[in-house]
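Working notes for the structure below.
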Amino acid sequence: MIVVLALLNDGAILSIAYDNVRYKRSPRLGTCACHRDGHRSRRGRTIAAFGLFCLAKDVYHLDHAHLQTLMYLMLSVAGR
């Protein structure tokens, strides 16, 4: 299982490392909406992480080791 996670992580790093962007000399205007959307997305992921933790702990009664594995897997898959 650890080998599979390592391979998936390497694939994500390689896809991020390959940059095919064409840069512009002047800055792009109107990027504030993108920052707000990113902030909402991060807030949603944080709430989802706490919700998954509470669900796994209180409803499914997972022990500490399984909770750690579940949260690590969520962070690896969801990323960022």
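Both Tyr60 and Phe53 belong to a single network of hydrophobic side chains, linked directly or stepwise wherever heavy atoms of I, L, V, M, F, W or Y lie under 4.5 Å apart. Cluster membership for Tyr72 and Val77, using ILVMFWY side-chain heavy atoms within less than 4.5 angstrom, is shared. Connection of Val59 to Leu67 is established within a shared hydrophobic cluster, with ILVMFWY side chains joined at heavy-atom distances below 4.5 Å, either directly or through further cluster members.
Here the CZ-CG distance, from Arg45 to Leu52, works out to 14.5 Å after rounding to the nearest 0.5 Å. The line from NE2 of His66 to NE2 of His61 is 15.0 Å long, rounded to the nearest 0.5 Å. In this structure, the separation between NE2 on His64 and OG1 on Thr69 is 9.5 Å, given to the nearest 0.5 Å.
In terms of heavy atoms, Met71 sits closest to Ala49 at CE-O, 3.6 Å.
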